[in-house]
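Scroll down for the structure; my scribbles are underneath it.
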Amino acid sequence: MQISLKQMRYAVAVARAGHFGRAAETCAVTQPALSQQILALEALCGTPLFDRLKTGVRVTPFGHEFVLLAEEALRSAEALDAFALRHADRPDRPLRFGLIPTVAPYLLPEIFPALGQTMPDLRFAISEAQTDNLLTSVQDGRLDLALIATEPPQTGPRLVVHPLFEDHFVLATPSNEIVQQPVSLNTIAPERMLLLDEGHCFRDQAIAACGLPGRGKSTFSATSLSTIVEFVASGQGVTLLPEIAMRKEGHNPRIAVHRLNDPTATRQLRLVWREATPFGKTFEAIAHQIRQAQPPTA
């Protein structure tokens, strides 16, 4: 009996998640099914890949080496699969497309209808994650392309970085608050600024734009911009929003949106994919369509 690609995928998922249950969710299988495959894999190897702990699992020294080799084998299998489809420059499966949470709910309603009209043969499997997870997933082949808002580091497999458009920041305040236009960010009290949780690139961009020291003085953080807008509407503070969010978030009558006088308060949206993909022309066409379909500015 030989080690299967499925077993390698499961082992890599467990190593990344540090937990059988979370790994099973990632792989879209039941935990008993995943556990059974891992046990069979360990029997083939003749040694455990993971130490079972009360709170999860820990990779053994052998397991660490196994996972590194399994990741390499999975990348090779992905490359072979892509090579077989190269003649068409169109995948025969859904494109695995990842977006950051501060882009997905605002751009998807705009770009999907346009993509459906111009490239009706394409199918998509959409996922939402923070930038670091998206880049890792693109590099190891779990995603085909990702839409991010930071310059990716030059490490790992080479990536194509395709600029899309600039997304300017605006300030959201309670609607009854008097604000001098345009707003100078250095006039905003740091303790009033409501931010996303750590790990979101938009949080870091907002901190940099406002010159906040580290986390700032606020103890507030949220997982979505929609949640922050509700807190702003209830008078709990102010926040920066990306301009693409205005079509959805800007209709709240309890907030007011203000232009900034700082031209550097912006982010560059980018589409990234692996350089060694056979679908580069398709991804370039997708990037062109996203630029064409971007929502109008606020």
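Being a predicted model, the structure only gives us computed values, none of them experimental. Note that the numbering runs from 1 along the sequence shown for the chain.
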query: Passes salt bridge (Lys or Arg N to Asp or Glu O under 4.0 Å), R270 versus E166? Steps please.
result: CA-CA 9 Å; R270 301 170 172 91; E166 279 198 339; over 6 Å; no
query: Would F112 and L122 show up in the same hydrophobic cluster when neighbours are defined by side-chain heavy atoms closer than 4.5 Å?
result: yes
message: Please tell me whether L68 and V14 are part of a single hydrophobic cluster in this structure, the criterion being side-chain heavy atoms less than 4.5 Å apart.
response: no
query: Do R254 and E177 sit within salt-bridge range, that is, some charged N less than 4.0 Å from a carboxylate O?
result: no
- request: May I ask you to decide whether E151 forms a salt bridge with R267, counting only side-chain N to carboxylate O separations under 4.0 Å?
  value: no
- prompt: Between L108 and I126, is a side chain to side chain contact (heavy atoms under 4.5 Å, CB included) present by the stated rule, with each step listed?
  reply: CA-CA 10 Å; L108 286 179; I126 300 298; 4.0 Å; yes
query: Is there a side chain to side chain contact (heavy atoms under 4.5 Å, CB included) between V257 and T173 once you walk through the steps?
result: CA-CA 7 Å; V257 176; T173 68; over 6 Å; no
query: Any side-chain heavy atom of V103 sitting closer than 4.5 Å to one from L269?
result: yes
field: Donor-acceptor pair between S226 and E249 side chains, under 3.5 angstrom
entry: yes
- prompt: Backbone N or O of V57 within a donor-acceptor pair of the R52 side chain at under 3.5 Å?
  reply: no
message: Under 4.0 Å between a side-chain nitrogen and a carboxylate oxygen: does that hold for R9 and E71?
response: no
task: Return the minimal non-hydrogen interatomic distance between P94 and A125, and the atom names on each side.
output: CB-N, 3.9 Å
task: Please report the closest heavy-atom contact between A149 and Q205, naming both atoms and the distance.
output: O-NE2, 2.9 Å
- line: Rounded to the nearest 0.5 angstrom, the OG1-NE2 distance for T266 and H168 is 4.5 Å
field: Any side-chain heavy-atom pair of L74 and R142 under 4.5 Å
entry: no
task: For Q236, check side chain to side chain donor-acceptor pair (under 3.5 Å) against everything at least two apart and list the hits.
output: none
field: side chain to side chain contact (heavy atoms under 4.5 Å, CB included) assessment of S175 paired with I255
entry: CA-CA 4 Å; S175 59; I255 70 166; 5.7 Å; no
- request: State, yes or no, whether a side-chain contact exists between M246 and L241 at a heavy-atom distance under 4.5 Å.
  value: yes
query: Quick one: CZ on R247 to CG on L107, what's the gap to the nearest 0.5 Å?
result: 10.5 Å
query: Any donor and acceptor pair, going by atom type alone, linking the side chain of T136 with main-chain N or O of N133 inside 3.5 Å?
result: no
query: Is it true that a side-chain atom of D167 and a backbone atom of E243 form a donor plus acceptor pair closer than 3.5 Å?
result: yes
- request: Identify the heavy atoms of V272 and I148 that sit nearest to each other, and give their distance.
  value: CG1-CD1, 3.9 Å
message: Quick check against the 3.5 Å criterion: does E42 have a side-chain atom that pairs as donor or acceptor with the backbone of L49?
response: yes
- prompt: Does the side chain of L240 come within less than 4.5 Å of L185's, by heavy atoms?
  reply: yes
message: Can you confirm whether the side chains of H200 and T102 place a donor and an acceptor under 3.5 Å from each other?
response: no
message: Quick check for you: to the nearest 0.5 Å, what is the distance between L99 atom CG and T131 atom OG1?
response: 10.5 Å
message: If you define the side chain from C-beta out and look only at heavy atoms, does anything of L135 sit under 4.5 Å from P152?
response: yes
query: Can you tell me if CD on E72 sees more than 12 non-hydrogen neighbours from other groups inside 6.0 Å?
result: no
- prompt: What's the verdict on ring-ring contact (aromatic ring centres under 6.0 Å, His included) for F169 and F202, showing C-alpha distance, side-chain angles and the deciding distance?
  reply: CA-CA 10 Å; F169 300 164; F202 191 75; 5.1 Å; yes
field: L95 side, atom CG; M119 side, atom CE - distance, nearest 0.5 Å
entry: 9.5 Å
statement: Here the pair of heavy atoms bringing A11 nearest to F50 is O-CZ, 3.5 Å
message: Can you confirm whether Q181 is buried at CD, in the sense that more than 12 heavy atoms of other residues, nucleotides or ligands lie under 6.0 Å from that atom?
response: yes
field: Validation row: V183, N261 side chains within 4.5 angstrom (heavy atoms)
entry: no
message: For a 4.5 angstrom cut-off between non-hydrogen side-chain atoms, does L225 reach L196?
response: yes
query: Between Y10 and C27, does a side chain to side chain contact (heavy atoms under 4.5 Å, CB included) hold up when you go through it step by step?
result: CA-CA 7 Å; Y10 289 177; C27 297; 3.8 Å; yes
query: Is D140 salt-bridged to R274, going by a charged N under 4.0 Å from an acidic O?
result: no
message: Check this for me: R58, atom CZ, are more than 12 non-hydrogen atoms of other residues, nucleotides or ligands nearer than 6.0 Å?
response: no
task: Return the set of residues passing side chain to side chain donor-acceptor pair (under 3.5 Å) with S224 (not counting sequence neighbours), or none when no residue passes.
output: T227
query: Applying the 4.5 Å side-chain criterion to the ILVMFWY set and letting contacts propagate, would L39 and V67 be lumped into a single cluster?
result: no
task: With the side chain counted from C-beta on, respond yes when H258 and V170 share a heavy-atom pair under 4.5 Å apart, and no when they do not.
output: no
- prompt: Got a sec: does the CG of D132 have more than 12 other heavy atoms crowding it under 6.0 Å?
  reply: no
message: Can you give me the closest heavy-atom contact between I3 and C45, atom names plus distance?
response: CD1-SG, 4.4 Å
- request: Check R203 against L195 and note the closest heavy-atom contact, atom names and distance.
  value: NH1-CB, 3.7 Å
- request: Ignoring hydrogens and angles, state whether a donor on the side chain of D51 or T60 is under 3.5 Å from an acceptor on the partner side chain.
  value: no
task: Nearest 0.5 Å please: distance from the CG atom of L159 over to the CH2 atom of W273.
output: 10.5 Å
task: Answer yes when R96 and E78 have at least one side-chain N-carboxylate O distance shorter than 4.0 Å, and no when they do not.
output: yes
message: I need the single residue from L143, V160, T277, L145 that forms a side-chain contact (heavy atoms from CB on, under 4.5 Å) with V138. Which is it?
response: L143
- request: Quick one: list whatever passes side-chain contact (heavy atoms from CB on, under 4.5 Å) with S4, sequence neighbours left out.
  value: K6, Q7
message: For the OG1 atom of T223 and the CD atom of Q130, what is their distance to the nearest 0.5 Å?
response: 10.0 Å
